[in-house]
Amino acid sequence: MLSKLRNFSKSKPAILLIVIIIIPFVFWGMGSVFSGGNANNVAKVNNKNISTQDFIEYVNSSRINPEDLRNNLDKNILEEILSQIISLQLLKMEIEEAKLIISDEVLFNKIVKDKKFLENNKFSRIKYEKFLLENNETAPGFELRLRGRELQKNLFDYIGAGTS
């Protein structure tokens with residue numbers, strides 16, 4: 001039986017069959033077979049994926065001690081972090097749907113009128129920069145977080161308008 005298979009493999013129909021099988025791999029490859037699915041996603045919220053990279057960036061930006069993560073794995077700390085990310089994503093989607101925005105001018109006024117940065121009732125650039133240094137922050141990062149908090153506050157005011 002093995003000799004029949006060897007003889008067939010040397011025949012022209014066998015070579016033609018192998019060429020027909022190889023041609024699709026040469027032109028289209030097999031990349032989609034191995035890269036399909038949600039291999040790099042930890043969650044999906046309304047067709048928006050939350051990737052493992054997003055998860056890692058959130059953990060790093062939240063300044064959670066890696067030792068605390070390791071010690072609390074059995075207490076579902078990763079699930080809590082993931083639920084926080086999902087909540088933020090849902091809030092972001094609601095903000096986009098409500099078309100809420102915070103202009104640069106409003107953001108500037110919020111910073112300039114913040115009591116932490118006032119000296120003799122005037123904005124102190126030195127106090128602002130000292131605050132950033134003490135909290136290990138950059139100005140764009142602080143302003144981005146402030147914008148996000150203000151957008152969330154505006155969303156809650158919008159949703160809760162008229163309720164007491």
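Residue numbers count from 1 along this sequence.
Judged as a side chain to side chain contact (heavy atoms under 4.5 Å, CB included), and not counting sequence neighbours, the contacts of F156 are L91, Q152. With sequence neighbours left out, the ring pair (Phe, Tyr, Trp, His ring centres under 6.0 Å) criterion links F117 to Y128, F131.
Judged by distance alone, the side chain of N71 and the main-chain N or O of D68 form no donor-acceptor pair under 3.5 Å. Between the R147 side chain and the L107 main chain, no donor and acceptor come within less than 3.5 Å of each other. The backbone N or O of K122 sits nowhere less than 3.5 Å from a side-chain atom of N120 that would complete a donor-acceptor pair.
I86 and I56 are not part of a single hydrophobic cluster, where members link through side-chain heavy atoms under 4.5 Å apart.
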TODO: Tell me, with the steps shown, if E57 and Q53 meet side-chain hydrogen bond (donor to acceptor under 3.5 Å, both in side chains).
DONE: CA-CA 6 Å; E57 287 173 5; Q53 185 66 31; 3.3 Å; yes
Task: Intermediate values then yes/no, salt bridge (charged side-chain N to carboxylate O under 4.0 Å, His left out), E96 and K48 - done: CA-CA 13 Å; E96 288 172 2; K48 290 194 176 186; 3.3 Å; yes
Open item on the list: Between L132 and T138, is the side-chain contact (heavy atoms from CB on, under 4.5 Å) condition met? List the steps.
Closed with: CA-CA 6 Å; L132 294 174; T138 62; over 6 Å; no
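Side chains of D114 and L118 form no contact here, defined as non-hydrogen atoms less than 4.5 Å apart. When side chains are defined from C-beta on, I111 counts as touching E143, because their heavy atoms get closer than 4.5 Å. By the 4.5 Å heavy-atom criterion applied to side chains, I50 and Y58 are not counted as neighbours. Two residues are said to be in side-chain contact when any heavy atoms from C-beta on lie closer than 4.5 Å; E67 and N65 meet this criterion.
Within 6.0 Å of the NZ atom in K130, the count of heavy atoms belonging to other residues, nucleotides or ligands does not exceed 12. Residue E79 qualifies as enclosed at atom CD: its count of foreign heavy atoms under 6.0 Å is above 12.
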